[in-house]
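In what follows, a structure is listed as structure tokens, so that the remarks can point back to it.
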Amino acid sequence: MQLLLIHSDYIEYEVKKSTPVAEKIEESFKTGRLEEALTAFMAVEKADESDIDGIINKAVGEIRNVAGQVKAANIMLYPYAHLSSDLSSPKAAVAVLKGVEEALSGDYTVKRAPFGWYKAFRISCKGHPLSELSRSIVPEGKPAACGEPVVCQEEKEEVVSEALKAESTARSYWHILTPDGELHDTKGFDFTGHENLQKFVNYEISKQRAVERAPPHVELMRRLEIADYEPGSDSGNMRYYPKGRLIKSLLEEFVLEESYKVGAMEVETPLMYDMNHPTLKKYLDRFPARQYSIESDKRHMFLRFAACFGQFLMNHDMTISYKSLPMKMIEMTRYSFRKEQRGELVGLRRLRAFTMPDMHSLCTDMQQAVEQFDAQYNMCISVLDKVGIKVDDFEVAVRFTRDFYNDNRDFITNLARTVKKPVLVEMWDTRFFYFVLKFEFNFVDALAKASALSTVQIDVENAERYDINYIDTDGVAKKPVILHCSPSGAIERCIYGLLEKEAMRTENGGVPMLPVWLSPTQVRVIPISDKHMGFAQQIADQLQCRVDIDDREDTVGKKVREAAREWIPYIVVIGDKEAETGNINVTLRAESQPEKPKKVEMTPEQLNARILSETSGMPYKGLPLAKMLSARPKFL
RNA sequence: GCCUCUGUGGCUUAGCGGUAUAGCGGCUGAUUCGUAAUCAGCAGGUCGGGGGUUCAAAUCCCCCCGGAGGCUCCA
């Protein structure tokens, strides 16, 4: 049932004309007026028919509740079909209306407008915050017994897509595909040597997901001053400190550069779209995600969960020749929004606002699409590798329809061959989503939780839906096949992956660190006393990387300890010896073991060359914080 | 959204019916120091918010908010 409650100075109505479903009424019932009334506009819906008494109970509870809050003694019940597009039978509606009227009439002055008549009405709304409320009431499995507290569900402005609903009924066939092309049953498969895949399979199929502690990256993201929760925002919307922003910028820039290399054009598209746009509405129903929705004037908008809409709407308006295909567009979506359920949010693993590189490729036909899929599969492997997430750190899932598999067996086997290890396969008899083939690289974390990073999908639906065309060699407009690709997956999730990987390294007795190109401070220079500051400065100036100087009044031991806690790759201590020889003593984190720092004497030039070669080809940005540690604020 | 757990100065935390403990960090002073924490002093808390029980609540109860885990879901 849909309820619209208006606290009014008065409400009056007058019957004009009967409709085919009109109830028979007395002459006196044809007009009505009530002063200082709470008016309840009601629409009884199909779903309510299963539990008429329960619905009456809930509606009465809700009306009583609001009437109590606004201190209304008079109640007007007003049947109002326009609140719903899924109305119940007239018989059920009248039964509910009468039931509600009867239940309320003991404690309030209740009037009811007749059902099934065209009516004219005048209402004067009081306009205070509680004076206009809407409620959506749904029946429960069983009717609420009398006297039980009645729980009313408030109207949620959440759109649950058809795809989410479809997914729950989709029948999946799970297999393990080995590089030799064999499809194995997941049950009998020998996972020896593929323990991570086993964890991933358990996570995906057996749903073994119980863990007893928070994921380690949550503490790390805070301790390293990367990111933090922001209680002043919605859950899953994080704040990023300067170091976190630097890491994100570098990753964003890197992924964009890699996509330029394969010919992608960078674009920017709006964050919010009209919920009632005909094309978008249909697309929402095919994507399994929940949206944030917001009001803009009279329009009902939603925040984008990817860059698809913006790019597709742009593609629709373009003139595209076959000569331009495959044609790629990318946007670094800051942000994509998904209103994930509260319990699904964890640290940087799953967010409601996240940065996702979203690339779309228009292809002439399925053959070109498959070629592109293969190229982008390899590109994703390379992107993650350079980010610091290796093939051994993730497990591959490939999902497709049975038809696609039968037409492309060799091609799919090749995907397993490329990564040289078995992959998880999910096959569907029929196509539930907009794609016929997709893969994801799933990072398996310290607690055996899996989450998707890179992904590519072959979309066979949206060219039609958005009316996207290209002109082929014969001069005829044709619909392209579209690839969706996120080369790295969400940027925040890459950081999560790196932190989790290092947490696992720590547990296995290693020394954790970020790749040098992503380390906020690459070299920390520590002068032993004030008199060494000059030389320390000189060394810092010689190095072409992110160098800072710990000029605080602390002991060398303490400064080194803090530098190590920050995972700084290179620590240089400057004292009399260095000032004399000109050589520097460098602690190399990458070659150290716990309690056993690896210290090497080298020239500043050698250190510089080493860092330049380690970071060559990767984006660079300057220090995100003051060079002198004494001038730095603490974020936590 | 539902279920379970949780919330004490900037951070970590003791206390779990008699208005609060310590460490780190911060500030001040001393120390100018050779690789995982130099010494001393000072400041800082209406114990997440609101309501209730009680002579008395950080401690018990209820509601709300944040966080973690589960269901579910994904980049």
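All heavy atoms count here, side chains included; hydrogens, waters and symmetry mates do not. Residue numbering restarts at 1 for every chain, and letters A, B, ... go by the order of the sequence lines. Note that this is a predicted model, so its numbers are computed, not measured.
For A:Glu578 and B:G34, a side-chain-to-base donor-acceptor distance below 3.5 Å is present, hydrogens and geometry of angles not being considered. Interface remark: the A:Arg349 side chain does not form any donor-acceptor pair with the B:C74 base, using a distance-only criterion of under 3.5 Å.
Using Watson-Crick or G-U wobble geometry with both donor-acceptor distances under 3.5 Å, B:A57 finds no partner in any strand shown. Nucleotide B:G34 has no partner under the Watson-Crick or G-U criteria, as no pair reaches both atom distances under 3.5 Å. Within the shown strands, B:C71 is the pairing partner of B:G1 under the Watson-Crick or G-U definition, both distances less than 3.5 Å. The partner of B:A14, taking Watson-Crick or G-U wobble pairs whose two distances both stay under 3.5 Å, does not exist in any strand shown. For B:G7, the paired base is B:C65 (Watson-Crick or G-U wobble, both distances below 3.5 Å). Across every strand in view, B:A40 sits in a pair with B:U28 that passes the Watson-Crick or G-U test at under 3.5 angstrom.
At most 12 non-hydrogen atoms from other residues, nucleotides or ligands lie less than 6.0 angstrom from CD of A:Glu268.
Atoms CD1 (A:Ile526) and P (B:A37) sit 13 Å apart, rounded to a whole Å. One can place OH of A:Tyr203 at 10 Å from P of B:U72, the figure rounded to the nearest angstrom. We find that CZ of A:Arg561 is positioned 14 Å from C1' of B:U38, with the value rounded to whole Å. With rounding to whole Å, A:Gln457 atom CD is found 11 Å from B:C74 atom C1'. Rounded to an integer number of Å, the gap from A:Glu580 CD to B:G34 P is 15 Å. Per the geometry, CG belonging to A:Asp234 stands 11 Å off C1' belonging to B:G66, to the nearest Å. Atom P of nucleotide B:U31 and atom CD of A:Glu553 are separated by 10 Å, given to the nearest angstrom. Atom CG of A:Leu629 and atom P of B:A37 are 18 Å apart (whole Å).
Comparing atom distances between the A:Asp554 side chain and each of B:G25, B:U38, B:G34 picks out B:U38 as nearest. Of the candidates B:U72, B:C74, B:G70, the closest approach to any side-chain atom of A:Arg338 belongs to B:C74. Of the listed nucleotides (B:U38, B:C11, B:C74), B:U38 has the atom at the smallest distance from the side chain of A:Lys558. In the set B:C71, B:U32, B:G69, the nucleotide with an atom closest to the side chain of A:Pro215 is B:G69. In this structure, of B:C74, B:U35, B:G26, it is B:G26 that holds the atom nearest to the side chain of A:Lys634. In the set B:C33, B:U72, B:G34, B:U72 carries the atom at the smallest distance from any side-chain atom of A:Gln341. The side chain of A:Ser529 has B:U32 as its nearest neighbour among B:A36, B:U32, B:U35.
Note on A:Ser486: nothing from the nucleic acid sits closer than 4.0 angstrom, heavy atoms only. Across all strands shown, A:Val573 has heavy atoms under 4.0 Å from base atoms, whether or not it also approaches the sugar-phosphate. Within 4.0 Å (heavy atoms only), A:Lys577 reaches at least one base atom of the nucleic acid. If you check every strand for non-hydrogen atoms under 4.0 Å, A:Lys438 touches sugar and phosphate atoms only. A:Val218 comes within contact range of no nucleotide atom at all, as no heavy-atom separation falls under 4.0 Å. Using a 4.0 Å heavy-atom cutoff across all strands shown, A:Leu345 reaches sugar-phosphate atoms only and no base atom. Using a 4.0 Å heavy-atom criterion, one finds that A:Ala307 contacts no nucleic acid atom at all. Looking at heavy-atom distances under 4.0 Å, A:Asn585 makes contact with a base. Residue-level contact check: A:Gly575 touches the bases, meaning some heavy atom is under 4.0 Å from a base atom.
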List the steps, then state whether salt bridge (Lys or Arg N to Asp or Glu O under 4.0 Å) holds for A:Glu440 with A:Arg399.
-> CA-CA 9 Å; A:Glu440 319 110 42; A:Arg399 305 171 203 255; 2.5 Å; yes

Run the numbers on A:Tyr273 and A:His300 for ring-ring contact (aromatic ring centres under 6.0 Å, His included), then give the verdict.
-> CA-CA 8 Å; A:Tyr273 294 89; A:His300 187 187; over 10 Å; no

Derivation and outcome, side chain to side chain contact (heavy atoms under 4.5 Å, CB included), residues A:Phe635 and A:Leu625 | CA-CA 11 Å; A:Phe635 287 88; A:Leu625 291 161; 4.0 Å; yes

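Here, B:U35 and B:G10 have their P atoms 36 Å apart, quoted to the whole Å. Rounded to the nearest Å, the gap between the C1' atom of B:G48 and that of B:A40 is 35 Å. B:C5 and B:C42: their C1' atoms are spaced 39 Å apart (whole Å). Nucleotides B:A20 and B:A58 place their C1' atoms 8 Å apart, quoted to the nearest Å. Separation of the P atoms belonging to B:U31 and B:G15 is 41 Å when rounded to the nearest angstrom. Taking atom P on both nucleotides, B:C16 is separated from B:C61 by 16 Å, rounded to a whole Å. For the C1' atoms, the distance linking B:A56 with B:G69 amounts to 36 Å, nearest Å. For B:U54 and B:U13, the C1' atoms lie 29 Å apart once the distance is rounded to whole Å.
In terms of phosphate contacts, A:Arg222 brings a side-chain nitrogen or oxygen within less than 4.0 Å of OP1 or OP2 of B:U12. For the pair A:Ser235 and B:G67, the criterion of a side-chain N or O lying under 4.0 Å from OP1 or OP2 is met. The side chain of A:Thr555 contributes an N or O atom lying less than 4.0 Å from OP1 or OP2 of B:U38.
Checked against the 6.0 Å centroid criterion, the rings of A:Phe439 and A:Tyr377 qualify as a close aromatic pair.
No donor-acceptor distance shorter than 3.5 angstrom exists from the side chain of A:Glu252 to the backbone of A:Ile491, with no hydrogens or angles considered.
Between A:Asp530 and A:Ile571, the residue anchored closer to the 5' end of RNA chain B is A:Asp530, taking for each the nucleotide with the nearest heavy atom.
Taking the charged nitrogens against the carboxylate oxygens, A:Lys390 and A:Asp385 do have a contact shorter than 4.0 Å, which makes a salt bridge.
Remark: A:Lys386 is not positioned above the aromatic ring of A:Phe254, lacking an NZ or CZ atom under 6.0 angstrom from the ring centre and at most 45 degrees off the axis.
A side chain to side chain contact (heavy atoms under 4.5 Å, CB included) with A:Pro520 holds for exactly one of A:Ile247, A:Ile226, A:Ile568, A:Leu224; it is A:Ile247.
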